[in-house]
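Below: the structure, in structure tokens.
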Amino acid sequence: MSKAQLKKYIQELDREHLEEFVLDIYSDVKPAKEYLDFFLNPDVNKVVEKTQRTIYSKVYRPNGEPLGRVKFSKINDIMKDFTNKVRDPYMVADMMVYLLTLLCEFGLRYSHGEAFVRSLVANFGRLSKWLVSSGLENEYKDKMNSLIDKTHSIGWGCTDWVYSSIDPCFE
């Protein structure tokens, strides 16, 4: 169904049926429930804390030991959900910095392969793109350079790959 078709359908509903429609979506579709809960009661700090805990759980076990493999596909879904909920570009940038800090620490402490490094580099590219598109590159330049410095000891030519994936303003 296209957005235009949905709009036409909604316009044809009377108030009672529209309320029923929204309540059905709320009770039957978990992502819609989460979105509406946040929309009606936007506790951004709660969302930030939950997102950080969830990201951490995709890299480490509760006791702090690393997982056998970092679940980048899950992390990307979590970040996409966070970006859709929290519209503040600074908060999104801070969450991306948190993610990269966690991943760099993991990369420095534990063995990993080329796939990990490629995914790490892709996340550097996403952060770089976000900062430039949001006009935050000057404010986050020091944080970005600090994160890049952490990649020197990761191996696999990680730092060179990072520089090739980020905006030239960070070089």
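Being a predicted model, the structure only gives us computed values, none of them experimental.
- Of all non-hydrogen atoms in I166 and G125, the two that sit nearest each other are CG2-N, 4.4 Å.
- Summarising the geometry, atom CG belonging to L6 is positioned 9.0 Å from atom NZ belonging to K3; distances are rounded to the nearest 0.5 Å.
- Taking all atoms of both residues into account, the shortest heavy-atom contact from G107 to I154 is C-CG1, 4.0 Å.
- The side-chain heavy atoms of F124 and I148, taken from C-beta on, include a pair separated by under 4.5 Å.
- With contacts defined as side-chain heavy-atom distances shorter than 4.5 Å, the pair D94/Y98 does not qualify.
- Of all heavy-atom pairs spanning L136 and P89, the tightest one is CD1-O, 3.7 Å.
- Annotation: the span from L36 atom CG to L23 atom CG amounts to 9.5 Å, rounded to 0.5 Å.
- Atoms OG and NZ, on S2 and K8 in that order, are 10.0 Å from each other to the nearest 0.5 Å.
- In this structure, K141 does not pair ionically with E137, as no charged nitrogen and carboxylate oxygen lie closer than 4.0 Å.
- Counting all heavy atoms, side chain and backbone alike, V132 lies closest to C169 at CG2-SG, 4.1 Å.
- Checked by atom type and distance alone, the side chain of S27 pairs as donor or acceptor with a backbone atom of D24 at under 3.5 Å.
- Counting heavy-atom neighbours within 6.0 Å of R69 CZ, excluding the residue itself, gives a total of 12 or less.
- Residues T101 and V97 meet the side-chain proximity criterion, which asks for heavy atoms closer than 4.5 Å.
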task = Decide side-chain contact (heavy atoms from CB on, under 4.5 Å) for H17 and E12; before the verdict, give the C-alpha distance in whole Å, the side-chain angles of both, and the deciding distance to 0.1 Å.
result = CA-CA 10 Å; H17 286 102; E12 292 173 357; over 6 Å; no
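- Annotation: the span from K143 atom NZ to L100 atom CG amounts to 12.0 Å, rounded to 0.5 Å.
- Using a 4.5 Å cut-off on side-chain heavy atoms (C-beta onward), P66 and V59 make no contact.
- Side-chain contact between L67 and Y60 is absent, with no heavy-atom pair separated by less than 4.5 Å.
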query = side-chain contact (heavy atoms from CB on, under 4.5 Å) between I55 and M79: does it pass, once the steps are laid out?
reply = CA-CA 9 Å; I55 288 172; M79 289 301 298; 3.6 Å; yes
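- Note on ring orientation: taking the six-membered ring where Trp is involved, the planes of F72 and F116 are tilted (angle from 30° to 60°).
- T54 contributes a side-chain N or O that, together with a main-chain N or O of K50, makes up a donor-acceptor pair within less than 3.5 Å.
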request  = Could you check R15 against E19 for salt bridge (charged side-chain N to carboxylate O under 4.0 Å, His left out), going step by step and ending with a plain yes or no?
outcome  = CA-CA 6 Å; R15 182 174 177 86; E19 287 174 4; 3.2 Å; yes
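- Considering only heavy atoms from C-beta on, F106 stays 4.5 Å or farther from L120 through its side chain.
- Y90 and Y140 have tilted rings, their planes meeting at an angle from 30° to 60° on a 0 to 90° scale.
- There is no side-chain donor-acceptor pair under 3.5 Å between N84 and Y35.
- With salt bridges taken as basic N to acidic carboxylate O contacts below 4.0 Å, none links K33 and D28.
- With a 4.5 Å cut-off on side-chain heavy atoms, N123 and L127 do not count as touching.
- To the nearest 0.5 Å, atoms NZ (K58) and CG (L102) are separated by 13.0 Å.
- Closest of all the heavy-atom pairs between M91 and F82 is O-CE2, 3.7 Å.
- Cluster membership for I10 and M1, using ILVMFWY side-chain heavy atoms within less than 4.5 angstrom, is shared.
- Using a 4.0 Å cut-off between a side-chain N of Lys or Arg and a carboxylate O of Asp or Glu, E114 and R118 qualify as a salt bridge.
- In this structure, T151 contributes its side chain and C158 its backbone to no donor-acceptor pair below 3.5 Å.
- Note that the CE atom of M96 and the CZ atom of R126 stand 8.0 Å from one another [nearest 0.5 Å].
- A heavy-atom distance below 4.5 Å is found between the side chains of T51 and M95.
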